[in-house]
*Asks:* 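Just dropping this structure here.
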Amino acid sequence: MAKGDAYDVKDLKLAPEGKLKIEWAEQQMPVLRNIRERFAIDKPLKGIRLATCLHITSETANLLITLKAGGAQVVANASNPLSTQDSVAASLVKDFNIPTFAIKGEDSKTYYSHLNAVLDFRPNITMDDGADLVHMLHTKRTDQLSEIMGSSEETTTGVIRLKAMEKEGALRLPVVAVNDSDTKHLFDNRYGTGQSTIDGILRATNILLAGKTFVVAGYGWCGRGVAMRAKGMGANTIVVEVDSVRALEAAMDGYRVMTMEEAVKVGDIFVSATGNKHVISLKHIEKMKSGAIIANAGHFDVEIDMSGLEKLKTKKRNIRFSLDEYTLPSKKRIYVLGEGRLVNLAAAEGHPAEVMDMSFANQALAAEFILENKGKLENKVYVLPENIDKEVALLKLLSMGITIDKLSKEQKTYLSSWNEGTA
Ligand code: ADE
């Protein structure tokens with residue numbers, strides 16, 4: 001373990017491998033590159049101390065480098081104990097001089113010591129993926145709240161947590177819900193989670209999806225993406241939902257829709273993407289077919305009742321990387337991927353850089369937005385202005401070589417008038 005005052009990473013010798021990974025990701029992130037070039041000239045974040053609790057991946061590294069180019073002093077820790085790419089963490093410290101606290105497989109005590117380590121830098125802006133920094137600031141480190149101008153949040157689960165705080169009147173800083181930008185959730189959650197979840201399942205198991213019965217719990221943007229890609233690979237895909245409108249949408253998108261109680265009898269692979277707790281309960285697991293594979297695509301490791309399974313099992317074996325076999329008292333064997341943590345980052349490398357490009361462009365612009373609106377924001381959850389969404393989408397289209405039409409003057413007038421009806 002390479003440990004210094006300003007970092008805690010697995011091994012600094014891994015830095016050359018990490019640097020190449022960061023460089024490769026950068027090539028797929030033209031929107032963020034564009035923002036970085038502007039930041040390097042304008043320095044909009046000059047003098048700001050920025051603490052980020054995000055998955056430490058090659059894509060995140062590019063965000064951190066962009067924030068630093070904008071003039072911020074940046075420190076980073078991991079937002080999940082299993083998602084860190086150790087080579088990237090090493091390169092951030094060695095090549096980019098960004099204090100980083102993240103080791104893949106860190107235990108809970110180390111995870112929390114890393115959260116505290118970035119808050120020890122006394123940030124003015126924080127960035128979360130899951131709201132752990134904000135939670136810490138509202139519980140154990142309330143003395144620092146007055147130093148924070150604002151925070152931004154990457155993921156659906158974090159936004160749900162923050163909106164609950166706002167509703168209770170407990171939120172004591174302004175937050176930008178980056179997840180709620182269209183150029184985030186419509187792409188990252190759908191195409192990113194869709195592809196990387198399948199990637200994680202395949203890397204952990206190397207099974208054939210064609211012909212398998214694949215059960216997706218949750219038909220939000222992540223669930224929609226996972227179901228779409230499973231179906232595309234030939235799996236017979238079932239959707240489980242609690243929301244009637246989403247369930248109807250899934251049915252009309254061509255999936256079988258049923259309760260988990262029914263799905264457990266027929267499923268080969270189960271993926272939970274709901275953001276909720278014990279969606280795959282012990283009662284469900286006991287009724288599954290022997291050989292069933294279970295994975296979680298939600299932010300926290302609560303979707304599968306892992307502690308219940310740990311207690312119930314009569315035997316546990318690690319079969320291969322990210323694949324554990326649990327033998328139940330009934331002699332059934334059940335397989336869990338990535339210890340029930342988010343499978344796309346535990347067993348694979350997370351979303352591809354092309355979608356993180358837009359998510360992290362929004363994050364960089366959220367930091368600028370917080371600074372530009374210093375003192376004007378209330379302790380609420382904000383969404384970035386629509387013009388930022390449109391700008392990010394336009395830059396992405398441009399990088400893809402796509403040009404789109406513009407409304408004519410006559411069309412603009414038509415859309416803003418109400419007196420032209422049936423001819
Ligand atoms: N969340 C999902 N995929 C990610 C990635 N590649 N980097 C950072 N956060 C992510």
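Values below: all heavy atoms of this structure, side chains included; hydrogens, waters and symmetry mates excluded. All ligand and atom numbering here is 1-based and tracks the order in the structure.
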*Asks:* With sequence neighbours excluded, tell me which residues meet ring-ring contact (aromatic ring centres under 6.0 Å, His included) with Phe187.
*Replies:* none
*Asks:* Considering both backbone and side-chain atoms of Asn344, is one of its nitrogen or oxygen atoms within less than 3.5 Å of a nitrogen or oxygen in ligand 1?
*Replies:* no
*Asks:* What part of His351, side chain, backbone, both or neither, has a heavy atom within less than 4.0 angstrom of ligand 1?
*Replies:* both
*Asks:* What protein heavy atom sits nearest atom 8 (C) of ligand 1, and how far off is it?
*Replies:* Thr60 OG1, 3.2 Å
*Asks:* Test of understanding: with ring-ring contact (aromatic ring centres under 6.0 Å, His included), list the residues that count as partners of Phe214, not counting sequence neighbours.
*Replies:* none
*Asks:* Which atoms of ligand 1 are found less than 4.0 Å from any heavy atom of Glu349?
*Replies:* 6 (N)
*Asks:* Take a 6.0 Å sphere around CZ of Arg172 and say whether it holds more than 12 heavy atoms from other residues, nucleotides or ligands.
*Replies:* no
*Asks:* What about Thr57: any of its N or O atoms under 3.5 Å from an N or O on ligand 1?
*Replies:* yes
*Asks:* Please report which non-hydrogen protein atom sits nearest to atom 1 (N) of ligand 1, along with the residue it belongs to and the distance in Å to one decimal place.
*Replies:* His55 CD2, 3.6 Å
*Asks:* With heavy-atom distances below 4.0 Å as the criterion, list the atoms of ligand 1 near Gly350.
*Replies:* 3 (N), 6 (N)
*Asks:* Any atom of ligand 1 sitting under 4.0 Å from a heavy atom of Leu345?
*Replies:* yes
*Asks:* Under the criterion side chain to side chain donor-acceptor pair (under 3.5 Å), which of Asp357, Asp188, Asn189 is the partner of His351?
*Replies:* Asp188
*Asks:* Verify whether one side chain among Ser113 and Thr110 offers a donor that lies under 3.5 Å from an acceptor in the other.
*Replies:* no
*Asks:* In terms of side-chain geometry, is the basic nitrogen of Asp11 or Lys94 positioned less than 4.0 Å from the acidic oxygen of its partner?
*Replies:* no
